[in-house]
Amino acid sequence: MTHSIRTFTLAQRPDLLPAFLNLDIPWPAFIEPNRLLVEWGIHAHAEHQLIVLDGDTPIARASSLPLHWDGNPQTLPSRGWDGVIEQSATDTYSEATLNMLCALEAGIDARHTGRGLSQSVFTALRDHAREAGFEHFIAPVRPSGKTEFPEMPIEDYVERRRDDGQRADNWLRIHERIGGRIIALSHTSMTISAPLDIWRTWTAEPFTTTGLTIVGGGIAPVYANTDLDYAVYIEPNVWVRHRLTDAPAEEGQGS
Ligand SMILES: CC(C)(COP(=O)(O)OP(=O)(O)OC[C@H]1O[C@@H](n2cnc3c(N)ncnc32)[C@H](O)[C@@H]1OP(=O)(O)O)[C@@H](O)C(=O)NCCC(=O)NCCS
């Protein structure tokens, strides 16, 4: 990052909470802010929420929550991204040992995407996890380029590489470049369900037939049921582990 770019936690700068929340992160409309994260997590764990300023202008944020993990990929939350937030709340209240920091979002304001900021922002969060003394740092990564391949199984998608050997997916590529290794897949990482009228406002689709529908910004199809008047989207994510010590990272097995 250049000298004019500074990173703060919300614990250091609680005055930046409105700016943190109001960044224009380019999420599809159906991925709304998670209420447990917004109304509980970022307050209970303000020290793990990063905001990035360019001069005095907020340009990016990185959100994370702590939880307990025994280091076994099989015991990661089965509900992936959703499950991390839920488990962080229960682990926090049960006073479990919070030995893992889990990244939940690295978001660049829409006016500042394409500047190469994402790697710096995620690296800042990883370095924060190290400095805070966590044993583990992990992310249920949303492979953002999969919007172009929503019907491809996640197992096949993560194997795609460019001719130069780097990962084809732009966000997985950044993770691998800074040392992240895939240790598991989550097929049920984020679940969004709503009546069809709401889905029509979120997307350009009419939802007039029962079955799978491809929606803009989705990395998986949406299942709609017109008899029951609902549609549900279940997003797969990729568990990526970033080592916080100098020990060599090993490639894991997808689950
Ligand atoms: C995903 C996101 C963080 C990437 O940030 P960004 O500032 O747009 O990306 P960068 O400029 O840092 O580029 C990162 C890589 O993606 C590539 N890239 C950037 N925009 C791209 C696009 N529209 N399509 C394909 N690749 C793209 C870049 O070339 C770069 O790869 P390289 O270093 O190998 O050349 C940002 O788009 C975002 O906030 N998206 C919404 C939230 C999200 O999905 N976050 C990630 C999951 S939590």
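As the structure lists them, so they are numbered: ligands from 1, and atoms in each ligand from 1. All values reported here derive from a predicted model rather than from experimental measurement.
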Note to self: For the residue pair R13 and F8, would you count it as a cation-pi contact if the rule is NZ or CZ under 6.0 angstrom from the ring centre and within 45 degrees of the ring axis?
What the structure shows: yes
Margin query: Considering W171, F122, W27 one by one, which has a heavy atom nearer to atom 44 (O) of ligand 1 than any of the others?
Written below: W27
Next item on the list: State whether a side-chain donor-acceptor pair under 3.5 Å links S63 with Q49.
Entry: yes
Next item on the list: Return the orientation label for the H136 and W69 ring planes: parallel under 30°, perpendicular over 60°, tilted otherwise.
Entry: perpendicular
Check: How far is atom 39 (O) of ligand 1 from its nearest protein heavy atom, and which residue and atom name does that atom have?
Finding: I108 N, 2.9 Å
Check: Please state which protein non-hydrogen atom is closest to atom 37 (O) of ligand 1 and give its distance, to 0.1 Å?
Finding: T113 CG2, 4.0 Å
Notebook entry, point to check: Within a distance of under 4.0 Å, is there any protein heavy atom near atom 22 (C) of ligand 1?
Noted result: no
Margin query: Is the ring pair W171/F122 parallel, tilted or perpendicular, if the boundaries are 30 and 60 degrees?
Written below: perpendicular
Check: Can A106 be said to touch ligand 1, with heavy atoms closer than 4.0 Å?
Finding: yes
Check: Can W27 and E105 be counted as having a side-chain donor-acceptor contact under 3.5 angstrom?
Finding: yes
Notebook entry, point to check: Looking at H128, H68, H48, which one forms a ring-ring contact (aromatic ring centres under 6.0 Å, His included) with F134?
Noted result: H48
Notebook entry, point to check: Between F137 and H242, what is the ring plane arrangement, given parallel below 30°, perpendicular above 60°, and tilted in between?
Noted result: tilted
Check: Based purely on interatomic distance, does I25 place a nitrogen or oxygen under 3.5 Å from a nitrogen or oxygen of ligand 1?
Finding: no
Margin query: Any nitrogen or oxygen of G116 lying under 3.5 Å from a nitrogen or oxygen in ligand 1? Just yes or no.
Written below: yes
Notebook entry, point to check: So, are E176 and R161 salt-bridged, with charged N and O less than 4.0 Å apart?
Noted result: yes
Check: Do Y230 and I192 belong together in a cluster built from hydrophobic side chains that touch within less than 4.5 Å?
Finding: no
Item checked: Contact atoms of ligand 1, heavy-atom distance to G107 under 4.0 Å -> 39 (O)
Checklist line | Where ligand 1 meets R115 - atom numbers and elements under 4.0 angstrom, heavy-atom basis | finding: 11 (O)
Margin query: Check the orientation of H45 and W40. Use parallel for under 30°, tilted for 30 to 60°, and perpendicular for over 60°.
Written below: perpendicular
Margin query: Are L50 and R61 packed together at the side-chain level, in the sense that at least one heavy-atom pair is separated by less than 4.5 angstrom?
Written below: no
Margin query: Counting only heavy atoms, tell me which of G114, A62, A103 gets closest to atom 8 (O) of ligand 1.
Written below: G114
Next item on the list: Identify which of R173, Q119, H175, R177 has a heavy atom lying nearest to atom 33 (O) of ligand 1.
Entry: R177
Next item on the list: For ligand 1, find out whether one of its N or O atoms is nearer than 3.5 Å to an N or O atom of P26.
Entry: no
Notebook entry, point to check: Can you tell me which residue and heavy atom of the protein come closest to atom 26 (N) of ligand 1, and the distance to 0.1 Å?
Noted result: N170 CB, 3.6 Å
Next item on the list: Could you say whether the N/O atoms of E105 and ligand 1 ever approach to under 3.5 Å?
Entry: no
Next item on the list: Ignoring hydrogens, just give me the one of S118, P143, G217 whose non-hydrogen atom is nearest atom 9 (O) of ligand 1.
Entry: S118
Check: Any N/O of L117 closer than 3.5 Å to an N/O of ligand 1?
Finding: yes
Check: Can you tell me which residue and heavy atom of the protein come closest to atom 1 (C) of ligand 1, and the distance to 0.1 Å?
Finding: S144 OG, 3.9 Å
